[in-house]
There are 4 protein chains.
Amino acid sequence: MAKSVNKVILLGNVGKDPEIRVLPSGQPVANFSIATSERFKDQQGNWQDRTEWHNMTAYGKLAEIIRDYVKKGSKLYAEGRLTTRSWDDKESGKKVYRTEIVVGDISLLSGRGEEGGATSGGYSQQRSGSGYDQRSSGPDDYANTGITDDDIPF
Amino acid sequence: MAKSVNKVILLGNVGKDPEIRVLPSGQPVANFSIATSERFKDQQGNWQDRTEWHNMTAYGKLAEIIRDYVKKGSKLYAEGRLTTRSWDDKESGKKVYRTEIVVGDISLLSGRGEEGGATSGGYSQQRSGSGYDQRSSGPDDYANTGITDDDIPF
Amino acid sequence: MAKSVNKVILLGNVGKDPEIRVLPSGQPVANFSIATSERFKDQQGNWQDRTEWHNMTAYGKLAEIIRDYVKKGSKLYAEGRLTTRSWDDKESGKKVYRTEIVVGDISLLSGRGEEGGATSGGYSQQRSGSGYDQRSSGPDDYANTGITDDDIPF
Amino acid sequence: MAKSVNKVILLGNVGKDPEIRVLPSGQPVANFSIATSERFKDQQGNWQDRTEWHNMTAYGKLAEIIRDYVKKGSKLYAEGRLTTRSWDDKESGKKVYRTEIVVGDISLLSGRGEEGGATSGGYSQQRSGSGYDQRSSGPDDYANTGITDDDIPF
DNA sequence: TTTT
DNA sequence: TTTT
């Protein structure tokens, strides 16, 4: 089968401080949201902004990096892939869906406002080289390499 | 504010023949889905495939092209942007969400199986060259000629 | 023919203040370079950085925006497409090549160091909506729309 | 420093059968070119096509896959990163440059014409799931299993 | 050097 | 609901 491609590229601002959970396996998971906005002309011909919110999920080392460096207001570049989970709502019995972006790579472009600016200690984590070992095995993983932690230079 | 980026790139197969609606304004809208799949190792170390389904929406001329050339089974490259609509479920009163990709560009890589293959009359519509003059100003980065804001259902 | 895709996405720092020329047609052109860097392990197992320089060219209104807002040191997100020009070197008679990225969209993430930071008046220009009229007609264009300048909200 | 992004996405046709070399280390390298084309209006208002040729390089397992499945005429999706090598021309003494795309991922969309079509044995190699374990740490974001730094010719 |  |  020709391989498929499922890629998302976002550049926007983080809505709240990320929430960190730890899976039963011990694997950390970070959840946060990114806002992107676009301008459009309304019916009166006036420019309006519309904001789109994106649900982001990161696993493993990438979750730890996000926990440590990403804050409410951070400007962030993120790459990932789309995934949609569904379940039956208990009350209505209807199937409900939640689409998330499983983060594969980020570049932190600023810290929180007062700390921030591109010259502040912006941390970044690229999906390159040994970066892949940030992810654990599992269905949401991009990778499962044999790279060990001391291969990571940060 | 620094401009944001909201970009999706998909390459996969179309699940069903697209559904075409016409907005009150007369503008066509195409809805279809694309499947992407990825392999991952399960906990037993066996390779599994997971399929992800993506809800696609196209407006204007791009909707017409999709109507005319995209079929169930078509292999398609598509670019777009993420958008999430929400409403209150009538029964449960809970907010429900639906995430879609508003298509900005496609490249048709095959037709339906029996017609298909890369040598069949693959049509493609690129967001460059002549493609651009299809677009008008409007709420949608990717919307096409003559769509006015009230044509857009969100 | 199935349409092709030629897309570049860069996020890096601008090496020098952009150079602005004006074509005989009156069309402005901006040339600048973006550095990206990556880490890799050398043969001794030490982490090294390698910098890649990208030649960027922008036309029309986008060139003017770059002239006005992009400086040496600016952190910039840019989308574009690859193009390679060639000519015969006068001395050797050999064909020489120069690959450039024709910019279609930018997001300015910082100004020059001292002015900069993500909170400074970062200007951004997105390749969306009426943004296309930034480009002139010509072989290097992404688009040639009938949008007039007063469609542009900035 | 905030991490940079250097990403290329191409979808086009392969110009010739790939050339395969083997590095002193035993690692395979594949070189090939992809053509993309775009339409533009010339000064007379007529539509013209321009073809852009992209120099592609792949290492390791990805090179083997390309050797085995990619042929002249293949339609290919490829992701990679830009890299430019330079050297001094022996005759003119001038510095000359060659820009290449180091391939990180491909999806083969067709074989050669007569074998081909989307239904032919399209192989694909995705940079996800099982694809990742091909990669080792190393200078190349996209390099594959077991490539050591001195396998990389720049 | 590709492709339609 | 696709595809191999």
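Lettering follows sequence order; numbering is per chain, from 1. Predicted model, so just to flag it, every value in this text is computed and none were measured.
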(request) Would you mind classifying the nucleic acid contact of B/Thr51 as base, sugar-phosphate or nothing, using non-hydrogen atoms under 4.0 angstrom? (result) base
Nearest-Å distance for atom pair [atom1]/[atom2], residues [X] and [N]:
X: A/Asn6; N: F/dT2; atom1: CG; atom2: P; answer: 18 Å
X: C/Tyr97; N: E/dT1; atom1: OH; atom2: P; answer: 11 Å
X: B/Leu109; N: E/dT3; atom1: CG; atom2: P; answer: 16 Å
X: B/Met56; N: F/dT2; atom1: CE; atom2: C1'; answer: 13 Å
X: D/Asp49; N: E/dT4; atom1: CG; atom2: C1'; answer: 9 Å
X: B/Asn55; N: F/dT1; atom1: CG; atom2: C1'; answer: 11 Å
X: B/Tyr77; N: E/dT3; atom1: OH; atom2: P; answer: 21 Å
X: C/Lys95; N: E/dT1; atom1: NZ; atom2: P; answer: 11 Å

(message) Would D/Arg85 and D/Tyr97 count as a cation-pi pair here, with the cationic atom under 6.0 angstrom from the ring centre and within 45° of the axis?
(response) no
(message) Should D/Trp53 be counted as stacked on E/dT1, where stacking needs a ring-centre gap under 5.5 Å and an angle between planes under 30 degrees?
(response) yes
(message) Using the salt bridge (charged side-chain N to carboxylate O under 4.0 Å, His left out) criterion, which residues pair with B/Asp42? Sequence neighbours excluded.
(response) none
(message) If the test is side-chain contact (heavy atoms from CB on, under 4.5 Å), which one of C/Asn55, C/Thr99, C/Ile101, C/Thr84 qualifies with D/Thr99?
(response) C/Thr99
Residue [X], side-chain heavy atoms: nucleotide from [options] that is nearest:
X: D/Lys16; options: F/dT1, E/dT1, E/dT2; value: E/dT1
X: D/Asn13; options: F/dT2, E/dT3, E/dT1; value: E/dT3
X: D/Ala35; options: E/dT1, F/dT1, E/dT2; value: E/dT2

(request) Applying side chain to side chain contact (heavy atoms under 4.5 Å, CB included), name anything that partners D/Glu19, two or more places apart in sequence or on another chain. (result) none
(request) May I ask you to verify whether the side chain of B/Ser37 and the base of F/dT3 hold a donor-acceptor pair under 3.5 Å? (result) no
(request) Test B/Asp88 against B/Lys94 for salt bridge (Lys or Arg N to Asp or Glu O under 4.0 Å), laying out the working first. (result) CA-CA 5 Å; B/Asp88 295 320; B/Lys94 285 184 182 168; over 6 Å; no
